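Before any comments, here is the structure.
Both ligands and their constituent atoms are indexed starting at 1 by order of listing. Keep in mind it's a predicted model, so treat the numbers as computed, not measured. Hydrogens, waters and symmetry mates are skipped; everything else that's a heavy atom, side chains included, is used.
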Amino acid sequence: MNSKHKLSLPAWIFIGMIAGIAAGLCFLGSPEFTTIYIKPVGTIYINLLKFLVVPVVLFSITDGIISLKDLKRVGDVGLKTFIYYMFTTAMAVVIGLALATAFKGLFPPLEEAALGELSYEASEAPGIMDVIVGIFPDSFLKPMVEANMLPLIVTAILLGAGILSAGAKGQKIADIVNSMNEVIMQMMMMVIKITPIGVFCLMTNVVAVNGPKIVGTLALVIAVAYMGYIIHVCVVYGTSVKFLSGMSPAKFFKGMAPAMITAFTTTSSNATLPVNIECCNKLGAEPEISSFVLPLGATINMDGTAIYQAVATVFIASCYGVDLTLGQMGMVVLTATLASVGTAGVSGAGMIMLAMVLESVGLPVEGIAIIAGVDKIFDMGRTTLNITGDATCAVWISKLERQKGRGKAA
Ligand code: ASP
């Protein structure tokens with residue numbers, strides 16, 4: 001067949017999304033059908049992506065570290081990445097807080113009766129110290145079996161550092177890791193090919209189930225969060241891509257479209273990781289940098305989640321008739337930044353960590369019930385931002401490393 005007439009994968013993913021929206025609208029009256037028959041196909045797709053996540057994170061980070069060749073470079077890249085992630089996340093919370101405060105007048109306090117009936121069974125959000133202690137694994141295998149990303153990343157970093165320190169004696173393991181990484185990437189390509197079908201099925205169900213609920217105040221809060229998402233993408237990511245990476249934002253966002261659509265529909269940074277690595281490498285990121293920076297970002301860098309947590313906190317405060325003081329807002333910036341580090345890159349995790357932010361400013365955790373029903377819609381946007389932020393860092397660090405290489409060569 002003439003390849004000119006073949007549509008590219010991103011085009012198919014886009015078609016899958018539009019077709020999913022159309023199909024979802026057709027099923028607005030009977031979402032049971034989509035939940036029973038269409039959603040499971042999307043679940044198969046998500047399962048396959050999740051199945052790949054642990055080996056992708058383990059082998060790509062370890063291989064990324066090995067290919068950086070010396071431990072000093074690992075520390076250098078790691079530190080820059082961490083500072084960039086924390087800074088952009090704090091900016092995200094500030095944008096979210098500013099917007100939500102500006103629109104607060106439109107969020108009416110809820111009737112006491114309605115608040116009294118709320119029954120949100122909050123899964124307990126871990127405390128800050130627990131989050132920090134939990135980063136360090138007490139077993140080599142447990143983080144892999146439980147797909148627990150932060151300790152898994154520590155395992156991968158230690159493994160990579162150990163292989164580098166062992167020098168010639170570690171070479172055999174380095175070769176195995178390198179070869180496993182290649183095999184996993186090939187498996188990933190196979191799963192990526194069915195993305196359009198997965199996207200179609202997931203989108204159909206989301207539209208069919210949530211469509212009618214998008215009304216009134218909730219629609220407004222969703223609109224405010226999305227406004228924050230868009231401002232963050234344009235201002236923070238646009239500036240970063242243009243001025244730090246020297247790339248045209250149009251080129252960047254076009255190249256990122258497949259990953260962004262995958263994030264939008266799977267609502268999981270972890271699940272989107274394979275597609276994100278692929279997009280960043282195509283955009284010119286150095287593979288050894290993206291395989292280190294992106295898995296780390298999928299776990300600790302959640303700008304979209306941070307915006308959502310800020311907006312949701314102001315909204316829930318308004319529902320209870322509470323005005324946040326400046327001090328409380330400062331507390332939200334701190335805890336939302338930390339909460340987003342502790343948020344797992346899976347669907348809905350940001351809502352659980354919202355409890356940590358609400359508690360830090362003395363708001364009732366039950367307030368989450370008000371927005372829980374439409375969390376999926378928030379999650380679609382926030383996950384898209386989460387992975388896009390990781391990608392901006394990967395292209396920037398790649399550029400820095402290339403410049404350094406040239407500096408050394410000169
Ligand atoms: N779903 C988000 C992600 O995977 C996390 C969240 O719920 O905020 O990035």
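Given atom 9 (O) of ligand 1, the protein heavy atom at minimum distance is S269 OG, 2.5 Å. Taking atom 2 (C) of ligand 1 as the reference point, the nearest protein heavy-atom neighbour is T383 OG1, 3.3 Å.
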List, one per line, each side-chain donor-acceptor pair under 3.5 Å for residues 89-97, sequence neighbours excluded.
| residue | atom | partner | partner atom | Å |
| --- | --- | --- | --- | --- |
| T89 | OG1 | Y85 | O | 2.7 |
| T89 | OG1 | N301 | OD1 | 3.2 |
| T89 | OG1 | D303 | OD1 | 2.9 |

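Atoms of ligand 1 lying under 4.0 Å from any heavy atom of R382, numbered from 1 in the order shown and given with element: 6 (C), 7 (O), 8 (O). Every atom of ligand 1 with a heavy atom of D379 under 4.0 Å away is listed here by number and element: 1 (N), 2 (C), 6 (C), 7 (O). The V346 neighbourhood of ligand 1 comprises atoms 1 (N), 2 (C), 4 (O), 5 (C), 7 (O), with distances under 4.0 Å to a heavy atom of that residue. Near S268, meaning under 4.0 Å from any of its heavy atoms, are these atoms of ligand 1: 4 (O). Atoms of ligand 1 found under 4.0 Å from any heavy atom of T305, numbered from 1 in the order shown, are 5 (C), 6 (C), 8 (O). Heavy-atom contacts of N386 reach the following atoms of ligand 1: 2 (C), 3 (C), 9 (O) (cutoff under 4.0 Å). The ligand atoms of ligand 1 that sit less than 4.0 angstrom from a heavy atom of A349 are 7 (O).
In terms of heavy atoms, I300 sits closest to M86 at O-CE, 4.2 Å. Of all heavy-atom pairs between A391 and C280, the closest is CB-SG, 3.4 Å. Between I184 and P55, the shortest heavy-atom contact is CD1-CB, 3.5 Å.
For a threshold of 3.5 Å applied to N or O pairs, the pair formed by N270 and ligand 1 contains no separation below that value. Considering backbone and side-chain N/O atoms, M302 never comes within less than 3.5 Å of an N/O atom of ligand 1.
At distances below 3.5 Å, at least one donor-acceptor pair connects side-chain atoms of Y229 with backbone N or O atoms of F378. Although no hydrogens or angles enter the test, the distance criterion places a donor-acceptor pair under 3.5 Å between the side chain of T313 and the main chain of Q309. Judged by distance alone, the side chain of T392 and the main-chain N or O of G389 form a donor-acceptor pair under 3.5 Å.
By the criterion of a heavy-atom distance under 4.0 Å, neither the backbone nor the side chain of I387 is placed next to ligand 1. If you look at T267 next to ligand 1, the close heavy atoms, those under 4.0 Å, all belong to the backbone.
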Could you check F51 against V191 for side-chain contact (heavy atoms from CB on, under 4.5 Å), going step by step and ending with a plain yes or no?
-> CA-CA 10 Å; F51 149 79; V191 175; 5.8 Å; no

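The number of heavy atoms from other shown groups lying within 6.0 Å of CD1 (I197) does not exceed 12.
Of the candidates G350, G381, A298, G389, the one placing a heavy atom closest to atom 7 (O) of ligand 1 is G350.
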